[in-house]
Amino acid sequence: MNESITLNYDVDSSDFTRAGEASSNVKRTLKLMDVDPEIVRRVAISLYEGEINMVIHSYGGEIKVIITPDEIEMVLRDKGPGIEDTELAMKAGYSTAPDNIRSLGFGAGMGLPNMKRYSDDLKIESKVGVGTTVRMKVYIS
Amino acid sequence: MTIKDVRDALRARYICGEELEGREVHSACGSDMMSDVLAFVKDRAVLLTGLCNPQVIRTAEMMDIVCIVFVRGKMPDDIMIEMAKEREIVLLSSGHRMFSACGLLYEKGLRGGAPYR
Ligand SMILES: Nc1ncnc2c1ncn2[C@@H]1O[C@H](COP(=O)(O)OP(=O)(O)OP(=O)(O)O)[C@@H](O)[C@H]1O
Ligand SMILES: [Mg+2]
């Protein structure tokens with residue numbers, strides 16, 4: 001594989017049942033490309049956590065995944081409400097998820113720590129009232 | 001041990017994937033919070049959970065989990081079963097509560113991962 005591939009997905013914030021379809025699709029694509037299973041798993045988990053966050057915490061947005069021979073870059077951009085204190089949001093256990101989300105199995109405050117742990121590079125830019133962009137990279141070699 | 005050994009230990013019943021019961025399992029993880037599960041990466045794991053929605057199947061998919069045991073007799077719906085079949089994930093339902101189900105598998109020699117850091 002020498003060329004690079006870009007995948008684009010829309011993420012709808014109101015559809016919890018379908019949440020994770022983008023991550024599922026990316027995982028399948030990487031498997032078909034014969035990417036190392038450990039790398040595929042790290043990408044899948046990081047992206048899935050990010051996608052779930054977009055569904056649960058944001059008004060929706062889009063995901064772009066760029067696959068090159070050297071790395072997999074994931075860009076998750078949403079339309080708000082934004083994160084006031086990104087450093088606080090990164091803390092293990094910190095969550096603003098309401099009880100109804102907790103009863104769905106999310107809201108442990110572990111998503112962002114997991115994304116940091118499984119990706120090689122994580123950057124969050126957020127502006128309250130505007131939106132959040134999460135960029136993650138997983139290196140292939 | 002194999003998926004069949006897990007089923008026998010828990011006296012669980014197959015919801016789908018019985019034909020895959022010979023597959024090996026190497027570790028286990030029990031939780032109702034999916035990000036807790038996602039913090040745990042181990043090869044060929046079994047997931048025990050009392051949570052019953054499509055995101056349980058998705059979480060298992062992302063982690064290459066081979067088998068999900070629904071505790072407390074929880075039963076997934078048709079959408080979840082279809083998703084699991086497509087992904088070759090075995091689904092089991094056990095009447096045991098979480099603590100007992102985990103204990104029974106631990107007793108048989110199945111272990112979790114390292115402590116969370
Ligand atoms: N895209 C987003 N838009 C707005 N707020 C966000 C977004 N992503 C995360 N947050 C905020 O950061 C907090 C921590 O996120 P994190 O993913 O670590 O935990 P969680 O989603 O609450 O729970 P878990 O991921 O364990 O299910 C969230 O509770 C929320 O307040
Ligand atoms: Mg989260």
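Protein chains get the first letters and strands the later ones, always in sequence-line order, with residue 1 at the start of each.
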**Asked** Which bit of B:Asp32 is near chain A, if near means a heavy-atom gap under 4.5 Å: side chain, backbone, both or neither?
**Response** backbone
**Item:** In one Ile/Leu/Val/Met/Phe/Trp/Tyr side-chain cluster, 4.5 Å: B:Met80, A:Ile52
**Value:** yes
**Message:** I'd like to know whether OH of B:Tyr106 has more than 12 heavy-atom contacts from other residues, nucleotides or ligands below 6.0 angstrom.
**Reply:** no
**Per-residue contact mode, B:Leu38 against chain A (heavy atom under 4.5 angstrom)** = both
**Message:** For A:Thr17 versus B:Pro54, what's the shortest heavy-atom pair and its separation?
**Reply:** CG2-CG, 3.8 Å
**Request:** Can you establish whether the number of heavy atoms outside B:Arg111 located under 6.0 Å from its atom CZ is more than 12?
**Result:** yes
**Prompt:** Is it true that A:Phe16 and B:Val56 fall in one hydrophobic cluster, defined by side-chain heavy atoms closer than 4.5 Å?
**Reply:** yes
**Asked** Heavy-atom distance under 4.5 Å to chain B: side chain of A:Phe106, backbone, both or neither?
**Response** both
**Prompt:** chain A heavy atoms under 4.5 Å from B:Thr59: which part of the residue, side chain, backbone, both or neither?
**Reply:** both
**Message:** Looking at B:Asp43 and A:Arg41, is there a salt bridge between them, counting it only when a charged N and a carboxylate O are closer than 4.0 Å?
**Reply:** yes
**Interface moiety of A:Glu21 toward chain B, non-hydrogen atoms closer than 4.5 Å** = both
**Request:** Treat each ILVMFWY residue as a node, draw an edge where side-chain heavy atoms are under 4.5 Å apart, and state whether B:Met75 and B:Met83 are in one component.
**Result:** yes
**Prompt:** What distance do B:Met34 atom CE and A:Leu104 atom CG have between them, rounded to the nearest 0.5 Å?
**Reply:** 10.5 Å
**Enclosure of B:Glu19 CD (heavy-atom neighbours >12, cutoff 6.0 Å)** = yes
**Item:** N/O donor-acceptor pair under 3.5 Å between B:Glu61 side chain and A:Ala44 backbone
**Value:** no
**Message:** Does atom CD (B:Glu24) have a neighbourhood of more than 12 heavy atoms from anything else shown, all under 6.0 Å?
**Reply:** yes
**Prompt:** Heavy-atom distance under 4.5 Å to chain B: side chain of A:Tyr118, backbone, both or neither?
**Reply:** side chain
**Message:** Give me the atom names and distance for the closest heavy-atom approach of A:Gly111 to B:Ser35.
**Reply:** N-OG, 4.0 Å
**Request:** Drop me the distance from A:Asn114's CG to B:Phe40's CZ, to the nearest 0.5 angstrom.
**Result:** 13.0 Å
**Spatial distance of atom CZ (B:Arg87) from atom CZ (A:Arg28) [nearest 0.5 Å]** = 6.0 Å
**Message:** Counting neighbours of CG on B:Asp78 that are heavy atoms of other residues, nucleotides or ligands and sit closer than 6.0 Å, is the number greater than 12?
**Reply:** no
**Message:** Please determine whether residues B:Ile81 and B:Val46 belong to a single hydrophobic cluster, defined as Ile, Leu, Val, Met, Phe, Trp and Tyr linked transitively by side-chain heavy-atom distances below 4.5 Å.
**Reply:** no
**Message:** If we ignore hydrogens and angles and just use 3.5 Å, is the side chain of B:Arg58 paired with the main-chain N or O of A:Ala19 as donor and acceptor?
**Reply:** yes
**Prompt:** CZ of A:Arg18: more than 12 outside heavy atoms within 6.0 angstrom?
**Reply:** no
**Asked** Can you tell if the side chain of A:Tyr48 reaches within under 4.5 Å of the side chain of B:Met63, non-hydrogen atoms only?
**Response** no
**Request:** Drop me the distance from A:Glu51's CD to B:Met62's CE, to the nearest 0.5 angstrom.
**Result:** 7.0 Å
**Asked** Which atoms of A:Leu47 come close to chain B, meaning under 4.5 Å heavy atom to heavy atom: side chain ones, backbone ones, both, or neither?
**Response** neither
**Message:** So which atom in B:Met33 and which in A:Ala108 form the shortest heavy-atom distance, rounded to 0.1 Å?
**Reply:** CE-N, 3.6 Å
**Message:** Take a 6.0 Å sphere around NZ of B:Lys74 and say whether it holds more than 12 heavy atoms from other residues, nucleotides or ligands.
**Reply:** yes
**Asked** Do you reckon B:Tyr14 sits in the same ILVMFWY cluster as B:Val66, going by side-chain contacts under 4.5 Å, direct or chained?
**Response** yes
**Message:** Tell me which of these, A:Gly105, A:Ser103, A:Ala92, has more heavy-atom pairs under 4.5 Å with chain B than the rest.
**Reply:** A:Gly105
